[in-house]
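What you see below is based on every heavy atom in this structure, not just the backbone, and it leaves out hydrogens, waters and symmetry mates.
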Amino acid sequence: LLDTIPAALDILNSLNFDAVAVQWTGAEFRFCPIMQGAEVTEYYLPIKAGLLDVGIYEDELAPLLEALFQGKKKIISYQIKGLMHRLNGFGIEFTAPFEDVSILKYLADGLSNNDDLAYCLNYFSLSEKYPAYGVYCLQQEYAKLVNEEEQKLYKEVELPLVSVLFSMEKEGVCVDEETLWALSKRYQTELSELEEKIYELAGERFNIKSTQQLGQVLFERLKIGTGAKKTKESKNYKTTAEELEKYAEEHEIVRLLLRYRKVQKLHSTYIEGFKPLVREGKVHTTYNQSNTQTGRLSSANPNLQNIPIRT
């Protein structure tokens with residue numbers, strides 16, 4: 001346990017270490033200098049949230065962060081890109097060489113990787129009490145599991161890609177806000193018009209989004225067809241797009257309902273869903289390089305790969 005930043009800096013300056021394993025959470029900052037042939041010690045600084053808490057305020061970490069992440073010693077951690085974003089909040093650029101254990105695990109497992117550090121530590125029976133030392137041990141374990149070609153892929157492609165993806169996330173993707181708001185107004189108007197036409201054809205007002213009410217209107221009141229039998233589990237008619245398509249050619253109300261659903265999806269997910277995520281004309285998605293078995297990138301919050309280009 002360390003209680004001051006100078007004490008942490010003194011330790012770093014007094015040791016001739018080869019690398020340092022790091023684990024940074026909201027409650028504490030842990031680091032573990034790695035020296036070949038020497039015993040390993042994990043140090044930590046508690047981060048306090050309030051005046052009466054033990055430890056230091058997170059913004060006091062800056063000198064230690066600069067010494068570690070802008071130094072020449074290798075950093076070993078889990079999900080390095082997340083560290084880069086946290087450092088960016090301090091105005092600190094991550095320039096030190098690094099090993100990302102989460103990516104090494106991805107290559108070693110050959111599976112999509114949503115596992116957190118705690119899961120990995122438990123898998124190898126490593127104590128969660130010493131996560132920085134645990135990260136170092138994981139790096140050693142996973143390194144044994146990758147072959148020569150995978151090690152080359154890790155060093156030459158995957159590790160450099162971490163910094164590239166961080167830069168892309170930081171830069172963001174431009175959004176035409178004027179067009180976004182115009183589409184919002186357009187779709188809202190169309191939805192209102194569709195609702196009124198559907199109510200007119202139905203002969204009553206009902207909750208269009210309720211599959212139970214919709215099924216009753218279509219198959220009991222309007223008798224557009226027999227409909228799929230009610231199941232014992234739900235006791236509702238099937239109103240999926242596939243089911244409604246059977247009646248679309250002969251019934252205008254069904255065609256309007258299908259159009260309503262399509263516009264509603266565009267409006268709620270890709271228009272209204274994007275609005276809160278736009279900051280200064282951009283959205284800042286997260287690019288995941290270890291979440292698919294095929295090796296391709298995935299995108300989340302928001303998922304930019306799932307936006308329709310035709311409708």
Side-chain angles (χ1 to χ4, degrees), residues 1-2 8 11 17-49 53-55 58 61 64-65 68-69 73-87 94 96-147 150-151 153-155 158-159 161-162 165-166 286-298 300-301:
L1 169 64
L2 301 172
I11 289 171
F17 57 93
D18 306 303
V20 57
V22 172
Q23 177 63 10
W24 182 8
T25 67
E28 57 189 17
F29 184 89
R30 289 178 171 267
F31 65 97
C32 180
I34 309 299
M35 295 170 286
Q36 191 170 8
E39 289 188 3
V40 176
T41 302
E42 179 167 321
Y43 303 92
Y44 77 98
L45 288 151
I47 297 172
K48 61 182 182 181
D53 295 333
V54 175
E58 192 169 58
L61 284 172
L64 178 60
L65 299 177
L68 286 170
F69 297 106
K73 303 296 185 180
K74 182 175 290 185
I75 301 294
I76 303 171
S77 194
Y78 197 87
Q79 297 178 332
I80 288 286
K81 184 154 60 68
L83 278 177
M84 290 179 170
H85 279 293
R86 294 191 72 172
L87 290 170
F94 193 139
F98 60 83
E99 297 277 355
D100 192 328
V101 178
S102 68
I103 296 175
L104 196 57
K105 175 190 182 301
Y106 172 56
L107 294 174
D109 287 352
L111 302 170
S112 57
N113 182 11
N114 289 313
D115 300 327
D116 59 16
L117 178 59
Y119 172 87
C120 299
L121 292 174
N122 288 326
Y123 183 84
F124 285 98
S125 299
L126 297 167
S127 175
E128 290 185 55
K129 293 182 179 179
Y130 305 103
Y133 174 66
V135 165
Y136 167 67
C137 293
L138 288 174
Q139 191 264 338
Q140 299 296 301
E141 292 292 341
Y142 288 126
K144 299 174 187 176
L145 300 176
V146 294
N147 59 37
E150 290 168 335
Q151 187 66 239
L153 174 65
Y154 172 67
K155 294 292 186 182
E158 298 292 354
L159 281 184
L161 184 59
V162 173
L165 294 180
F166 162 71
T286 297
Y287 297 105
N288 302 307
Q289 67 186 105
S290 60
N291 276 18
T292 66
Q293 288 181 281
T294 60
R296 68 172 177 82
L297 291 176
S298 65
N301 303 317

Worksheet item: Can you check side-chain contact (heavy atoms from CB on, under 4.5 Å) on K155 and E99, steps first, answer last?
Response: CA-CA 9 Å; K155 294 292 186 182; E99 297 277 355; 2.7 Å; yes
Worksheet entry | Working for side-chain contact (heavy atoms from CB on, under 4.5 Å), residues Y136 and V101 | CA-CA 8 Å; Y136 167 67; V101 178; over 6 Å; no
Worksheet entry | Verdict with supporting geometry, V20 and I75, side-chain contact (heavy atoms from CB on, under 4.5 Å) | CA-CA 5 Å; V20 57; I75 301 294; 3.4 Å; yes
Item to complete: Take I11 and T41 through the side-chain contact (heavy atoms from CB on, under 4.5 Å) test and state the conclusion after the steps.
Response: CA-CA 11 Å; I11 289 171; T41 302; over 6 Å; no
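Of all non-hydrogen atoms in L107 and E158, the two that sit nearest each other are CD1-CG, 4.3 Å. Listed here is the closest heavy atom pair of S77 and V22: OG-O, 2.8 Å. The heavy-atom pair separating D100 from Y78 by the smallest distance is OD1-C, 4.1 Å. Closest of all the heavy-atom pairs between P131 and Q23 is CB-CG, 3.7 Å. In terms of heavy-atom proximity, A19 sits nearest to I76 at CB-CD1, 4.1 Å. Minimum interatomic distance between A96 and F94 (heavy atoms only, all atoms of both residues): O-CE2, 3.2 Å.
Of the inter-residue distances, the one linking C120 atom SG with D109 atom CG reads 8.0 Å to the nearest 0.5 angstrom. Atom CG of L121 and atom CG of D116 lie 9.0 Å apart (nearest 0.5 Å). Between atom CZ of residue F69 and atom CZ of residue F98 there is a gap of 11.5 Å, rounded to the nearest 0.5 Å. Atoms CG and CZ, on N288 and R296 in that order, are 10.0 Å from each other to the nearest 0.5 Å. Once rounded to the nearest 0.5 Å, the distance linking CG of L83 with CG of L65 reads 9.5 Å.
In this structure Y133 satisfies the side chain to side chain donor-acceptor pair (under 3.5 Å) test with no other residue, sequence neighbours excluded. Among residues two or more places apart in sequence or in another chain, the side chain to side chain donor-acceptor pair (under 3.5 Å) test is passed with N122 by E128. Remark: F31 pairs with Y43 by the ring-ring contact (aromatic ring centres under 6.0 Å, His included) rule, at least two apart or across chains. Remark: K81 engages E169 in a side chain to side chain donor-acceptor pair (under 3.5 Å) (not counting sequence neighbours).
Within the 4.5 Å cutoff, the side chain of I47 has heavy atoms near those of the W24 side chain. Side-chain atoms of Y123 and D115, non-hydrogen and from C-beta on, never get closer than 4.5 Å to each other. Taking the side chain as every heavy atom from C-beta outward, L87 and F166 never approach each other to under 4.5 Å. A 4.5 Å side-chain heavy-atom check between P46 and K48 finds every atom pair outside the cut-off.
D18 places no side-chain N or O within 3.5 Å of a backbone atom of M35 that could act as its donor or acceptor partner. Between the side chain of S290 and the backbone N or O of I103 there is no donor-acceptor pair closer than 3.5 Å.
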Which side-chain N or O atoms in residues 137-147 pair as donor and acceptor under 3.5 Å with protein atoms at least two apart or in another chain?
residue, atom, partner, partner atom, Å
N147, OD1, E149, N, 3.1
N147, OD1, E150, N, 2.7

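The list of side chain to side chain donor-acceptor pair (under 3.5 Å) pairs with a residue in residues 29-40, not counting sequence neighbours, reads E28-R30, R30-E42.
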